[in-house]
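Before any comments, here is the structure.
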Amino acid sequence: MIEARGLVKAYRSAKAVDNLSFEVRPGTVTGFLGPNGAGKSTTMRMIMGLDRPDAGQARIGGRRYGDLRWPLREVGALLEAKAFHPGRTARAHLMALAASNGIGRQRVEEMLALTGIEKAADRRAGKFSLGMSQRLGIAAALLGDPGVLLLDEPVNGLDPEGIRWIRNLMRGLAAQGRAVLVSSHLISEMAYTADALIVIGRGRLLAQTTVAQLSAHGATLKPGGSLEEAFFQLTEGVTDYSGGLS
Amino acid sequence: MTTATTSGHRAASPAPGYGFGDVALMEWRKLRTVRSTWWMVAIFAVAMIGLAIVALSHEGYGQLSAADRAAFDPTHDCFIGLILGQLLLGALGVLVMTTEFSSGMIRATFAAVPRRPVVLAAKAAVLGAVTLAAGEVCAFAAFAAGQASLAASAPHATLGQPGVLRAVVMAGAYPALVALIGLGTGALVRHTAGAICAVVGVLFVLPLLFAPFSASVQDASQNFMPHPMANAMTAVKPLAHALSPWLIFALLCAYAAAALAAGAWALTARDA
Ligand SMILES: Nc1ncnc2c1ncn2[C@@H]1O[C@H](COP(=O)(O)OP(=O)(O)OP(=O)(O)O)[C@@H](O)[C@H]1O
Ligand SMILES: [Mg+2]
């Protein structure tokens, strides 16, 4: 269970995250949605204790991240695709992280197999494709068999087979009773995986809802109206970076 | 889903939480599995031993003046390789920290071990052990190779002579201390190029800044600049104006401790 209470983070003038509160419950996949620059990654870094909030706090199972006794066994995170030394092999990277939380070699081998990178395990990770890097990141996140997962755009760079794999993985992890927070720009992607939704824009909470509720709302907007319709209505006016023809 | 993860949550481990030993094992595995570590240690060994052989086989003791003969210190002259060697192990110390920032690995590290000073302490312990071992092995090897290269007519040093063992041991410890200074600087500066420039600045440029001052100020300043301090620590014949080797050694240890403390503060104070 993740709880965020009044999180604020300002960079120079702009507030990247502005008084954000929400909860992520066990047994659900919670989609974390918002346009580019909405503050999703910043929020996840604050939950992980990597960035210090200017105000507010985040707790995991009632404790601050820094107070967790075996962090990797309680929280797993995929924050960026390439959070590893490019010269180290995938196996060496996982073995090093495993050591810090008293996790054995057996578990490292299992995670290499689960993410399908065992054949590349002794290659230097700097040479990995984006999709393979993403899989290595997921292996690292699952290393401690944690009850809470934070995944920042995990489908990035994955091929269709990989996307299907990660959707099933996330659903499976939630079905085992874990709390899974997964960020995305794409409401359509969340329709496949998420139960609950947290929608933010310019650092503020726009809605804490469910996929079912949001699509029901979409249907009221116009006949045959979709989930996407409802999402665009929600984020209208808070999208900082939008393209145009003229 | 094929499910290595469905085993559910693992049985609670007996230990109350991660400790220094776990983090040190992580840092040892990290240091060991990056090729550049071993390249730098290998080049360090070549520099230390090779330069000792070059320097002492070309000493030309027979052609020295009486004054130069009196000043000739066959122990100290074995460690000319420290000029390059300190830079190599100092750079290794910098890289241990800055490559984590440049690659993004630092976030994985701090997610696994949120107590940041523990991470730095574990890095210091592992790096210190590896560089001290490399430094001592190479210092004794450089000493042996240097004595073997010295012309038969020149006075030779042996480990049994007063002060010689101390000088050799300190020659091995010095580059390990520079490595720790590099590690602390890396934690403070975060960027590889900037941190290496800072270390080079302290080792080579800072002593030059005292050139405009009077001789007595220059002599006094030498006691506080790392590289001249290394000269005093590895000398068997006492140098004029130099503090005692043990005092200088203690001072260098204090520098390393200060660099690490500053690094620990910076790691904690700033976002990762
Ligand atoms: N380290 C930083 N320094 C300065 N500004 C930052 C920093 N990190 C994030 N920001 C700013 O904070 C805002 C939120 O960024 P963040 O990366 O959290 O958004 P996001 O929702 O993850 O976006 P995306 O969907 O594009 O990944 C942006 O305006 C960004 O420019
Ligand atoms: Mg982001």
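A, B, ... follow the sequence lines: proteins, then strands. Residue 1 opens every chain. Any value given below was found using the heavy atoms of this structure, including those in side chains, with hydrogens, waters and symmetry copies removed.
The shortest side-chain heavy-atom distance between A/M46 and B/D271 does not fall under the 4.5 Å cut-off.
Interface check for chain A: of the options B/A111, B/A272, B/S36, the most heavy-atom pairs under 4.5 Å are formed by B/A111. Counting heavy-atom pairs under 4.5 Å between each of A/H93, A/R52, A/K82, A/M48 and chain B puts A/R52 at the top. Ranked by heavy-atom pairs under 4.5 Å with chain A, the list B/V119, B/T109, B/T99 is led by B/T99. Highest contact tally toward chain B, considering only A/L72, A/L50, A/N101, is held by A/L50 [criterion: heavy-atom pairs under 4.5 Å]. Note on A/A99, A/A77, A/G49: by heavy-atom pairs under 4.5 Å with chain B, the leading option is A/A99.
Applying the salt bridge (Lys or Arg N to Asp or Glu O under 4.0 Å) definition to pairs two or more places apart or across chains, those involving residues 82-108 of chain B are A/E80-B/R107, B/K30-B/E100, B/E100-B/K123.
Contact annotation for A/R171: neither backbone nor side-chain heavy atoms come within less than 4.5 Å of a heavy atom of chain B. Heavy atoms of B/R32 lying under 4.5 Å from chain A are absent altogether. For A/M95, the parts lying under 4.5 angstrom from a heavy atom of chain B are both the backbone and the side chain.
By the neighbour-count criterion of 12 heavy atoms within 6.0 Å, atom CZ of A/R59 is densely surrounded, having more than that number from other residues, nucleotides or ligands.
Scanning all heavy atoms of the two residues, the minimum distance from B/A112 to A/L97 falls at CB-CD2, 4.3 Å. Among all heavy-atom pairs drawn from A/S100 and B/Y18, the shortest one is O-CB, 3.4 Å. Between B/F110 and A/Y65, the shortest heavy-atom distance links the atoms O-CE2, 4.3 Å.
A/D51 CG to B/R270 CZ: the interatomic distance, rounded to the nearest 0.5 Å, is 11.5 Å. Considering OG1 of B/T33 and NE2 of A/H85, their distance stands at 8.5 Å, rounded to 0.5 Å.
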